[in-house]
Peer 1: 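Sharing a structure below in structure tokens format, with a few things to ask.
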Amino acid sequence: MQGDEERPPQEADMEPVVTSGPPESVPRVLAGDPQSLSDMEAFNLLLEMKLKRRRQRPNLPRTVTQLVAEDGSLVYVVGTAHFSDDSKRDVVKTIREVQPDVVVVELCQYRVSMLKMDERTLLREAKEVSLQKLQQAVRQNGLMSGLMQMLLLKVSAHITEQLGVAPGGEFREAFKEASRVPFCKFHLGDRPIPVTFQRAIAALSFWQKVKLAWGLCFLSDPVSKDDVERCKQKDLLEQMMAEMTGEFPDLHRTIVAERDIYLTHTLRQAARRLELPRISEAEPRKCVPSVVVGVVGMGHVPGIEKNWRADLNIQEIMSIPPPSISGRVSRLAVKAAFFGLLGYGLFWMGRRTMSLVLSLPAAQHCLQRATSARPSQ
């Protein structure tokens with residue numbers, strides 16, 4: 001199915017989203033009392049200010065990849081490392097240079113909360129992996145997907161603890177900068193995380209799940225800011241992707257390759273031509289190319305470039321495959337082990353509590369009185 005037939009990108013339920021404007025020149029507004037300006041004149045004034053700020057030959061960071069849509073719309077994809085201060089600066093510089101009509105970020109509606117929280121709250125939340133978060137993940141994604149999400153949160157908490165930096169800083173910077181650009185929309189461009197986790201779990205065999213869970217549980221290697229910045233180097237990134245593909249090819253397909261397709265689809269949807277406002281219905285319609293900035297992890301940039309001109313089937317990567325026999329068996333085994341341990345724990349605690357109660361002097365006295373009061377045979 002072609003991308004044009006699919007649903008449009010999700011817009012963040014936030015305040016800085018307004019109708020986007022065109023990148024072409026517009027009539028100048030005559031000088032006069034600002035309070036006497038009509039809506040059309042005010043629109044033209046703001047649009048003219050925006051176009052003056054837009055650089056025709058922007059000086060962009062080396063992490064930016066430029067793509068051109070069939071209708072001439074421009075897409076600037078900023079490749080980031082998710083815990084990098086330099087990536088935040090790259091995002092700010094790109095948005096200020098090109099003054100986009102749409103900003104698309106690698107987030108879905110399930111992770112939009114990181115745009116609303118302040119840095120201190122996010123840092124505290126990212127370091128804590130609580131039972132409440134586990135219950136919420138299981139309710140949202142199912143048992144196996146919820147457990148896998150918690151393991152990945154544990155990895156994120158480990159990196160946060162090591163670096164002292166909250167995740168998603170580049171997305172928060174993109175959100176703030178988009179709010180400063182007139183007529184700039186803000187889109188959530190990633191596939192919903194429950195779909196990604198459920199497809200990833202369904203793609204792994206039982207032993208692959210065990211191996212992956214074991215590796216995530218005991219991840220304790222130190223992480224430095226230099227390590228994070230090296231993740232923006234293309235050759236090192238390709239090596240890491242090759243290792244992941246070799247060890248967990250199905251996991252790479254669902255978590256990376258399929259999301260490359262989804263992000264490409266979202267960026268193409270955002271890069272549609274824009275219709276200029278008309279003074280009256282009699283005025284002919286006029287559409288112009290748009291300018292889009294995409295903010296994604298560096299590992300998704302090669303896949304977006306590869307898929308940019310391809311026919312994309314979004315429905316296929318949005319479906320949840322039925323669980324396999326091994327998946328059902330492993331899920332039953334996990335549930336049986338969980339409830340077995342829970343039952344044993346309750347039995348042990350009850351037995352220990354009863355022993356403690358019976359050892360109390362008051363309990364001993366009551367037992368003696370009950371024994372003496374029993375009629376002799």
Peer 1: Under 4.5 Å between any side-chain heavy atoms of Val103 and Lys185, yes or no?
Peer 2: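 No, side chains not in contact.
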Peer 1: Check whether any side-chain heavy atom of Met318 sits under 4.5 Å from a side-chain heavy atom of Pro192, and report yes or no.
Peer 2: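 Yes, their side chains come closer than 4.5 Å.
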Peer 1: Using modelled atom types only, decide if a donor and an acceptor are shared between the side chain of Lys50 and the backbone of Pro182 within a distance under 3.5 Å.
Peer 2: yes
Peer 1: Have Thr196 and Arg191 got a donor and an acceptor in their side chains that come within less than 3.5 Å?
Peer 2: yes
Peer 1: Distance check, rounded to the nearest 0.5 Å: Arg96 atom CZ versus Arg53 atom CZ?
Peer 2: 10.5 Å
Peer 1: Is Leu312 close to Arg268 at the side-chain level, that is, under 4.5 Å between some pair of heavy atoms?
Peer 2: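 Arg268 vs Leu312: side chains touch.
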Peer 1: Within the structure provided, determine whether Val105 and His187 are in side-chain contact (heavy-atom separation under 4.5 Å).
Peer 2: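 No, their side chains stay 4.5 Å or more apart.
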Peer 1: Closer than 4.0 angstrom, basic N to acidic O: yes or no for Asp101 and Arg273?
Peer 2: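 No, no charged N to carboxylate O under 4.0 Å.
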Peer 1: Can you check whether Asp250's main-chain N or O pairs, donor with acceptor, with Thr254's side chain at less than 3.5 Å?
Peer 2: yes
Peer 1: Counting N and O atoms only, with roles assigned by atom type, does the side chain of Arg253 sit under 3.5 Å from a partner on the main chain of Pro249, one being a donor and the other an acceptor?
Peer 2: no
Peer 1: Donor-acceptor pair, Trp308 side chain versus Val68 backbone, under 3.5 Å?
Peer 2: yes
Peer 1: Compare every heavy atom of Gln198 with every heavy atom of Ile320, then report the nearest pair and how far apart it is.
Peer 2: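 It is CG2-OE1, 3.5 Å.
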Peer 1: Under a 4.0 Å N-O cut-off, is there an ion pair linking Asp90 with Lys93?
Peer 2: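 Answer for the salt bridge query: no.
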Peer 1: Write down the atom of Ile95, the atom of Pro100, and the distance for their closest heavy-atom approach.
Peer 2: O-CD, 3.5 Å
Peer 1: Would you compute the distance between atom CD1 of Ile314 and atom OG of Ser319 and round it to the nearest 0.5 angstrom?
Peer 2: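 The CD1 atom of Ile314 sits 11.5 Å away from the OG atom of Ser319.
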Peer 1: Could you check whether any side-chain heavy atom of Arg111 comes within less than 4.5 Å of a side-chain heavy atom of Ile193, counting everything from C-beta outward?
Peer 2: yes
Peer 1: If I compare all heavy atoms of Gly189 with all of Thr266, which pair ends up nearest, and what's the gap?
Peer 2: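 That would be O-OG1, 3.0 Å.
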Peer 1: Side chains of Gln269 and Arg272: donor-acceptor distance under 3.5 Å anywhere?
Peer 2: yes
Peer 1: State whether Glu275 and Lys286 are salt-bridged, where the test is any N-O pair (Lys NZ or Arg NE/NH1/NH2 against Asp/Glu carboxylate O) under 4.0 Å.
Peer 2: no
Peer 1: So do Val292 and Leu74 actually touch side chain to side chain, heavy atoms under 4.5 Å?
Peer 2: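 No; the side chains remain at least 4.5 Å from each other.
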Peer 1: Would a single hydrophobic cluster contain both Val92 and Val64, if residues Ile, Leu, Val, Met, Phe, Trp and Tyr are joined by side-chain heavy-atom contacts under 4.5 Å?
Peer 2: no
Peer 1: Could you tell me the separation between the NE2 atom of His300 and the OG1 atom of Thr80, rounded to the nearest 0.5 Å?
Peer 2: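 Going from NE2 on His300 over to OG1 on Thr80, the span is 9.0 Å.
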Peer 1: If you apply the rule side-chain contact (heavy atoms from CB on, under 4.5 Å), what do you find for Leu60 with Val98, and how did you get there?
Peer 2: CA-CA 9 Å; Leu60 300 176; Val98 305; 4.1 Å; yes
Peer 1: Any salt bridge between Arg89 and Glu173, counting N to O under 4.0 Å?
Peer 2: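 No, this pair does not count.
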Peer 1: Run the salt bridge (Lys or Arg N to Asp or Glu O under 4.0 Å) test on Glu97 and Arg54 for me, step by step, so that the C-alpha distance in whole Å, both residues' side-chain angles and the decisive distance to 0.1 Å come before the verdict.
Peer 2: CA-CA 6 Å; Glu97 288 276 322; Arg54 180 178 288 173; over 6 Å; no
Peer 1: Would the distance check show the side chain of Thr264 and the main-chain N or O of Asn307 forming a donor-acceptor pair, the cut-off being under 3.5 Å?
Peer 2: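 Judged by distance alone, no pair lies under 3.5 Å.
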Peer 1: Which atoms form the tightest heavy-atom contact between Phe171 and Val295, and what is the distance?
Peer 2: CE2-O, 3.5 Å
Peer 1: Are Val104 and Val293 close enough, and set up right, to give a side-chain contact (heavy atoms from CB on, under 4.5 Å), and what steps lead you there?
Peer 2: CA-CA 6 Å; Val104 179; Val293 169; over 6 Å; no
Peer 1: Identify the heavy atoms of Cys108 and Asp190 that sit nearest to each other, and give their distance.
Peer 2: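 Where Cys108 meets Asp190 most closely, the heavy atoms are CB-O, 3.6 Å.
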Peer 1: Does one side chain, of Glu170 or Ser87, offer a donor that lies under 3.5 Å from an acceptor on the other?
Peer 2: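 Result is no, nothing qualifies.
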Peer 1: What I'd like to find out is whether the side chain of Gln66 reaches to under 4.5 Å of the side chain of Val75, using heavy atoms alone.
Peer 2: no
Peer 1: Taking the side chain from Ser73 and the backbone from Ser290, do they hold a donor-acceptor pair closer than 3.5 Å?
Peer 2: yes
Peer 1: May I ask you to decide whether Asp260 forms a salt bridge with Lys306, counting only side-chain N to carboxylate O separations under 4.0 Å?
Peer 2: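 Answer for the salt bridge query: no.
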Peer 1: For residues Ile304 and Leu67, determine if any side-chain heavy atom of one lies less than 4.5 Å from a side-chain heavy atom of the other.
Peer 2: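 A side-chain contact under 4.5 Å exists here.
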Peer 1: Verify side-chain contact (heavy atoms from CB on, under 4.5 Å) between Glu258 and Glu316, making sure each step is shown before the conclusion.
Peer 2: CA-CA 10 Å; Glu258 289 183 359; Glu316 181 180 349; over 6 Å; no
Peer 1: Could you tell me which non-hydrogen atom of Tyr76 sits nearest to which non-hydrogen atom of Pro58, and how far apart they are?
Peer 2: OH-CG, 4.1 Å
